[in-house]
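These numbers were taken from a predicted model, which means no experiment stands behind them.
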Amino acid sequence: MTDNHVSRTRSHVEKLSHSHELHEHHCSSSLKQNPRITSVIHISVRPTSSIRIPLDNKDNKSINCKSAIVTTRQNRNSLKESINKKNSIKRSTSATSSVSVTRVHRPSSQFRDKSWKSTDDLNQKVEYANNYETNSTIKHHQSRTVENTIINKTIATNHIKNKKLLGTVEDLTNPVHKYYHLAKKKKIKNGFKYYCQCSRRRVFISLCFPILLSIIIGIIILIILLNKSKVTTITPSPIAILRWNTTGITLFGTTGIRGNTSQQFYSPFGLAFDSLSNLYVGDRYNHRIQKCNIITLTCTTIAGQANAVKGTNMSYLNGPTYVYIDSNDNLYIADSDNYRVQFWSYGASYGKTIAGITGSSGSALNQFSIPYGIALDSNSNTVYISDYNNHRVMKYLSGSSSGTIAAGGNGFGTNNTKLYRPAGLILDSSTNSLIIANFGASNIVRWVLGDNKWTIVQGDPNGLNGNTSTFLDHPTGITYDPMGNLYVADMFNHRIQMYEVGQTNGTTIAGISGKLGNNSTMLYYPVSVILDNQLNLYVSDSFNQRIQKFVRY
C-alpha cells in the first residue's frame, strides 16, 4: 500500500515540474493584464526546515512570482529526497489527521477567471505535496499553530474533514456539549464537569453499569436459591407416608385385664398429648386421668385419685371420659358421671367446675346428661361440649355458669337439623364449624356455627350403619393430621378408618372390620384415636384395657 502511494506521489511531482512553467508564464501574463493586483499569493511547503516566501507588505502593488516558482522547485527536490528516504515507513491513511501548512493571503480584489484557474491547478498539486511531506514530519510540527484559510475546493474539503475531530454539527448542539462549553468558560470545577466532558454513551455506562451488574448478580443468586430450594424440598406423597404397621404394640395396660395400678386401666377412653408429648388417658372406671410417658412407658395419676376412688369434690372424679389439653397444658375433663366439666390448671391437685352441676343430670342450659367430647376456641376461651343424651352441643363462654346451644337441641334423629347422641368433637377454626362424631346416626357431620343444620362429612347421611369403606358403625373418637386427613374410631366395627382429603371411601389402618379380638392385629371397641408428631397412631382399645400403638413406616 505504501509503495502505491509513493509511486502516485512521484507521478504528481513530475507533473508538478511541468505545471510550474505554466504557472511562471501565467504569472507574467497576469501581471501584464492586471497591474492593479494588491495582494500576492504565497505558497509555502514546510519540509524538515520551513521555507517561507517573503511578502512585501509595504507595497501591496508588487508581487514576486519568481519567488513562488523557486520555492516550488526547491520543494519538489526536497520531496524527491524525502520519498527515497521514507519508502519503508508505514503511512497514515487518514487525510484528516495531517496538518496543513499552506498559507494564502486573499487578494483585496477578485482575480480574473483565467488567473483563478491556473492558481487552482497549482494549489491542488502543491497541497498534495504538502500533505505528504507534513505527514512524515507531523510529530515535529504538531505543536505549531496552522491556519487554513484557502477558499478553493481542495482546502475547503480538508477543512470539513478536520471538523470531525471535534464532532459533527449535531454533536456540538446537543445539551451535553453546550453545558460543557458553558462550564468551561465559567471555570466550574465540580464532579459533574467530568461527566459533561464524556459522551452520552460513556456517561450512561458509568452510571448504569454498576446498577445493572448488581441486578444481574441478584437474579443469579435468586435463581440458585430457588433451584436449591427445589432440590432440597421434598413434598411427601400421602400414599408413601401414611402407612402404618397393622400389628400394634401394647404401650400401656394389660391386654384383657382391668386393674388400678399405675400401668393398668379400666375401660380407657379419651386421649390427648401435651406440649412435651406426654399422653393423657381418661381411665373411666378407675375415676382418674393418667399421664403416661411414651418414652419411659410409665404412668402417673394427674387428676382424680390414684387408688381409683370416685367422688364429687374438686379433687375427685367420677367416670371421666374425654380430655382436652390447651396450649398451656391446662387440662379439661369430661367428668361424665358427675355431669360436669372440670378444669385443672397445669400441676394442680384439684379442679374447678366450669360447666354443669355436680351430680345433677338434666336438659337445662346449665345441665348435662353425660358430657362427652370437648373442644376449645383458644382465642376466646369458649368451650364446646357434647351433651350426649340431650343430643346437642353446648357452648360455654369463659366464666359463664350457663351455656347456649351451638348445634342440635331439636331432639334426636337422623335428619340434618338434629343430632343423635353426639360423642367426639373437634372445632375447625378454618371453617368456623364443629366436626361431630354423631354416634347414634353412625356418621361424621359438620355443623357451621350459627347455622341450623349440618352437612355430611363421612358415613351415611340417613343414619345407616355398615362395615364397608363408605359406612361407619357408631363412631366415637375423631382427629385430623396436619395434612387434613380424617381418622375415625369406628367403635362397633372394631377398626380405625382413615379418610384422605376429599375422599368418601375410608381405609382401615388398624383392626379388622367387623371383627373383635385381643391379639396385636385386632381391636375391641376402640373409642379414641390420636397421632403424635411423627404420625404414629395411638388407640384406646377400651374393652381390651390397653393403649395400642401402630407405628408409621
Quiz item: Are Asn536 and Phe550 close enough, and set up right, to give a side-chain contact (heavy atoms from CB on, under 4.5 Å), and what steps lead you there?
Solution: CA-CA 6 Å; Asn536 297 306; Phe550 295 87; over 6 Å; no

Check your understanding: Can you tell me if Thr476 uses its side chain to pair, donor with acceptor, with the backbone of Val527 under 3.5 Å?
Key -> yes

Exercise. For the residue pair Phe439 and Tyr388, categorise the inter-ring angle as parallel (less than 30°), tilted (30 to 60°) or perpendicular (more than 60°).
Key: tilted

Minimal heavy-atom distance between Val341 and Ile385, with the atoms involved, is CG2-CD1, 3.4 Å

Query raised in the report: Any chance the side chains of Tyr553 and Asn245 put a donor and an acceptor closer than 3.5 Å?
Result: no

Under the criterion side-chain contact (heavy atoms from CB on, under 4.5 Å), I'd like the reasoning laid out for Leu523 against Arg495: C-alpha separation, chi angles, the key distance, then a yes or no. CA-CA 7 Å; Leu523 299 172; Arg495 66 186 183 181; 5.5 Å; no

Note to self: Show, in sequence, the C-alpha distance, side-chain angles and deciding distance for Tyr487 and Leu531, and conclude whether the side-chain contact (heavy atoms from CB on, under 4.5 Å) test is met.
What the structure shows: CA-CA 9 Å; Tyr487 300 79; Leu531 299 166; 3.6 Å; yes

### Check: Asn293 side chain, Ile295 main-chain N or O, donor-acceptor pair, under 3.5 Å
yes

Run Asn485 and Tyr480 through side chain to side chain donor-acceptor pair (under 3.5 Å) and show every step you take.
CA-CA 6 Å; Asn485 302 304; Tyr480 280 96; over 6 Å; no

dist Ser275:OG -> Asn328:CG (nearest 0.5 Å) comes out at 9.0 Å

> Could you go step by step and tell me if Gln545 and Ser267 meet the side chain to side chain donor-acceptor pair (under 3.5 Å) rule?
Replying inline: CA-CA 6 Å; Gln545 316 301 331; Ser267 188; 5.5 Å; no

- Validation row: Ile478, Ile444 side chains within 4.5 angstrom (heavy atoms): yes

Q.
Go through it in stages, so that I can follow the logic: the residues are Thr504 and Gln458, the test is side chain to side chain donor-acceptor pair (under 3.5 Å), and I'd like the CA-CA distance, side-chain angles, deciding distance and then a yes or no.
A. CA-CA 6 Å; Thr504 58; Gln458 299 297 340; 5.5 Å; no

| message | Are the side chains of Tyr346 and Ile325 in contact, using a 4.5 Å heavy-atom criterion? | response | no

Between the CD1 atom in Ile294 and the NZ atom in Lys549, the distance rounded to the nearest 0.5 Å is 6.0 Å

Rounded to the nearest 0.5 Å, the CZ atom of Arg552 sits from the CG atom of Leu242 at a distance of 7.5 Å

Do you see a donor-acceptor pair shorter than 3.5 Å between the side chains of Asn544 and Asn518? no

(request) May I have the step-by-step check of side chain to side chain donor-acceptor pair (under 3.5 Å) for Thr298 and Thr296, ending in yes or no? (result) CA-CA 6 Å; Thr298 58; Thr296 63; 2.9 Å; yes

Applying salt bridge (Lys or Arg N to Asp or Glu O under 4.0 Å) to Arg421 and not counting sequence neighbours gives none

Test ring pair (Phe, Tyr, Trp, His ring centres under 6.0 Å), reference Tyr538, set Phe252, Trp244, Phe273, output is Phe273

Original post:
Taking atom types as modelled and ignoring hydrogens, do the side chains of Thr300 and Gln290 form a donor-acceptor contact shorter than 3.5 angstrom?
Top reply: no

Do Tyr332 and Tyr396 have ring centroids that are under 6.0 Å from one another?
no

Open item on the list: If we ignore hydrogens and angles and just use 3.5 Å, is the side chain of Asp377 paired with the main-chain N or O of Asn381 as donor and acceptor?
Closed with: no

With Asp283 as partner, the option from Arg546, Arg288, Lys291 fulfilling salt bridge (Lys or Arg N to Asp or Glu O under 4.0 Å) is Arg288

Worksheet item: Do the side chain of His391 and the main chain of Tyr420 share a donor and acceptor less than 3.5 angstrom apart?
Response: no

key: Sidechain-backbone polar pair: Ser386 side chain, Ala423 backbone, donor-acceptor under 3.5 Å   = yes

Closest non-hydrogen atoms of Ile512 and Thr521, given as atom of the first, atom of the second and distance, are CG1-O, 4.0 Å

For Ser433 and Val448, the nearest pair of non-hydrogen atoms, with its separation, is CB-CA, 3.7 Å

Checking side-chain polar atoms at under 3.5 Å, does Thr353 have a donor or acceptor matched by the opposite partner on Gln342?
yes

Query raised in the report: Is there a donor-acceptor pair under 3.5 Å between the side chain of Trp454 and the backbone N or O of Asn415?
Result: yes

What I want to check is whether the side chains of Thr321 and Arg284 have a donor and an acceptor closer together than 3.5 Å. no

Q) Judged by modelled atom types alone, do Thr250 and Gln548 share a side-chain donor-acceptor pair under 3.5 Å? A) yes

Query - Validation row: Leu434, Val393 side chains within 4.5 angstrom (heavy atoms) - result: yes

Nearest heavy-atom contact between Gln497 and Gly506 is NE2-C, 3.8 Å

The reported gap from NE2 in His474 to CG in Asn438 (rounded to nearest 0.5 angstrom) is 10.0 Å

- request: Decide yes or no for Phe343 and Asn330: does some side-chain heavy atom of the first lie under 4.5 Å from some side-chain heavy atom of the second?
  value: yes

**Message:** Quiz question: by atom type and distance under 3.5 Å, do the side chains of Arg446 and Thr431 form a donor-acceptor pair?
**Reply:** yes

Here the gap from Ser380 atom OG to Leu397 atom CG, rounded to the nearest 0.5 Å, amounts to 7.0 Å

* Are Ser542 and Ser540 close enough that a side-chain donor and a side-chain acceptor fall under 3.5 Å? -> no

I want to check something: taking the side chain as every heavy atom from C-beta on, are Leu419 and Val445 in contact at a cut-off of under 4.5 Å?
yes

Note: Leu427 and Leu376 closest approach over all heavy atoms is CD2-O, 3.7 Å

Are Thr470 and Asn505 side-chain neighbours, meaning at least one heavy-atom pair lies under 4.5 Å? yes

Residues 509-522 vs salt bridge (charged side-chain N to carboxylate O under 4.0 Å, His left out), sequence neighbours excluded, gives none

Pro526 and Ala489 have their tightest heavy-atom pair at O-CB, 4.0 Å

Value for OG1 (Thr246) from CD1 (Ile496), rounded to nearest 0.5 Å, stands at 13.5 Å

Query raised in the report: Is any side-chain heavy atom of Ser277 less than 4.5 Å from a side-chain heavy atom of Asn533?
Result: yes

Fill in: side-chain contact (heavy atoms from CB on, under 4.5 Å) evaluation trace for Val488 with Val529
CA-CA 7 Å; Val488 180; Val529 58; over 6 Å; no

| field | Min side-chain heavy-atom separation Leu251-Cys292 under 4.5 Å | value | no

